[in-house]
Chemist: 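Next up is a structure, given as structure tokens.
The basis for the numbers below is simple: all heavy atoms, side chains too, and nothing from hydrogens, waters or symmetry mates. Whatever order the structure lists ligands and atoms in, that order sets their numbers, starting from 1.
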Amino acid sequence: MKKILVTGGCGYIGSHTIVDLFENGFDVVSVDDNSRSTKYALKGIKEITGKDVKHYEVDLKDYAATKTIFEENKDIVGIIHFAAYKAVGESCEIPVSYYENNMVSLINLLKCVEAYQVKYFVFSSSCTVYGNPDPENIPVTELTPTKPAESPYGATKQMGERVITDFSKVSNANAILLRYFNPVGAHPSNAIGELPLGKPMNLVPVITQTAIGKLPKMHVWGSDYDTRDGSCLRDYIHVCDIARAHTLALEYLITGKNKTKCDIFNLGSGNGVTVLEAIKTFEAVSGVSLNYEMGPRRSGDVVAIYANNEYAVTQLGWNPKYNITDMMRTAWEWELKIQKESDAMKA
Ligand code: WQD
């Protein structure tokens, strides 16, 4: 059974990917500094798969501590690297923390790839590497020229891609860069989902927390953009579809199908949805009328972007199956579940 190190294993996409890896015959070791996640996700993974995850609570900026993981698991053949700070707005407020955290952890991991001859490296990249694409370039393909990132978060993803590309040229390891669009929703079992610590920044957890009353109201950041209804347009993709693509990416590398030392894939649904359309879909699914008001633009926001995902579909055999209604329904069911658990603990 091939052993894979999943960094950020207690996080949103990391936990969903561990489930998919287990379900497809891989063994997994998780590492997370738990600064922005809890081990609660490991319980959910066990509930779904029946498996305990071997977990290390380690800060990847600590090279010595990171090396220990590889010393104790010399049979790690691949790494899926999720661990990073990832809020566009926040990165504009604390840029140095974003550059330090996202870049030092990546560089430490690549040093371990070399020292322990790890064969496969899958990187959690982002559509933010495209910057604000010109309207004629939307939907973006993997060949769409990148533009200066609109936020320090996006810049760390652009730099991460460059570091890995250059590293792969001189390493025995093969890499893949997966450019996520907007991962949303929760596992259909309702055992795992997005658990933002503190006030959420991403749209869908803000929607579900407003709907359940954790937040008194929410804002739509910007109503004067050049889009069909004035609000920003994004490509929302279910987290389980994203997770599936990671297992397929590993299998693609293991079977030697990669075209270069560092192939790139867009992971989006291929459908553009505006903020207001996402809200309307949520209200239709949940039956809850959301308390929102139109607010000013948010710094770092891209106006509009969605994916041409044909390359991932044809090369990885990827077949996204959840639509925007499924995304909102599973996100809402998850919010209801964690609220019920929290009420039960208070009782
Ligand atoms: C989406 C839209 C906001 C909150 C995300 C991830 C990033 C990367 C790309 C993977 C924007 C609007 C939000 C709110 C709002 N994914 N919004 N009110 O910025 O597209 O980035 O996808 O790597 O990691 O963060 O996602 O959910 O923050 O914003 O109007 O209260 O919703 O302005 O237009 P974003 P988001």
Chemist: Using only heavy-atom distances, determine whether the side chains of Asn101 and Lys61 contain a donor-acceptor pair under 3.5 Å.
Modeler: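 A pair is found: one side chain offers a donor N or O, the other an acceptor, under 3.5 Å apart.
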Chemist: Is the His81 ring parallel, tilted or perpendicular to the Phe121 ring (thresholds 30°, 60°)?
Modeler: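 Plane angle between 30° and 60°, so tilted.
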Chemist: Quick one: nearest non-hydrogen protein atom to atom 27 (O) of ligand 1, plus distance?
Modeler: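 Here the closest protein heavy atom is Leu203 N, 2.7 Å.
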Chemist: Determine, considering heavy atoms only, which of Phe181, Tyr292, Tyr85 sits nearest to atom 16 (N) of ligand 1.
Modeler: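 Among Phe181, Tyr292, Tyr85, the closest heavy atom to atom 16 (N) of ligand 1 comes from Phe181.
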Chemist: Which residues satisfy the side-chain hydrogen bond (donor to acceptor under 3.5 Å, both in side chains) test with Glu161, sequence neighbours excluded?
Modeler: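 For Glu161 the side-chain hydrogen bond (donor to acceptor under 3.5 Å, both in side chains) partners, ignoring immediate neighbours, are Ser125, Arg179.
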Chemist: When you compare the side chains of Ser171 and Glu114, does any donor N or O come within less than 3.5 Å of an acceptor on the partner?
Modeler: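 Note: Ser171 and Glu114 side chains meet the donor-acceptor criterion.
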Chemist: For atom 12 (C) of ligand 1, grab the closest protein heavy atom and report residue, atom and distance to one decimal in Å.
Modeler: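 Heavy-atom neighbour on the protein nearest atom 12 (C) of ligand 1: Val275 CG2, 3.9 Å.
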Chemist: Closest by any non-hydrogen atom to atom 29 (O) of ligand 1: pick that one out of Arg298, Arg234, Glu90.
Modeler: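 Answer by nearest heavy atom: Arg298.
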Chemist: Give yes if a backbone or side-chain nitrogen or oxygen of Met218 is under 3.5 Å from a nitrogen or oxygen of ligand 1, and no if not.
Modeler: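 No, Met218 has no N/O under 3.5 Å of an N/O on ligand 1.
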Chemist: Show me the side-chain donor-acceptor pairs of residues 278-285 shorter than 3.5 Å, one per line, residues at least two apart or across chains.
Modeler:
residue	atom	partner	partner atom	Å
Lys280	NZ	Tyr292	OH	3.1
Thr281	OG1	Glu277	O	2.9
Glu283	OE2	Leu290	N	2.7

Chemist: If you measure from atom 25 (O) of ligand 1 to every heavy atom of Val88, Asp235, Asn202, which option wins on shortest distance?
Modeler: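 Answer by nearest heavy atom: Asn202.
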Chemist: Is it true that Tyr153 lies under 4.0 Å from ligand 1, counting heavy atoms only?
Modeler: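 Tyr153: in contact with ligand 1 (<4.0 Å).
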Chemist: How far is atom 26 (O) of ligand 1 from its nearest protein heavy atom, and which residue and atom name does that atom have?
Modeler: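 Here the nearest protein heavy atom works out to Asn182 ND2, 3.2 Å.
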Chemist: What distance do Tyr153 atom OH and Glu90 atom CD have between them, rounded to the nearest 0.5 Å?
Modeler: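 Answer for the OH-CD pair, Tyr153 versus Glu90, is 12.0 Å.
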Chemist: At under 4.0 Å between heavy atoms, is it the side chain or the backbone of Asp301 that contacts ligand 1, or both, or neither?
Modeler: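 Just the side chain.
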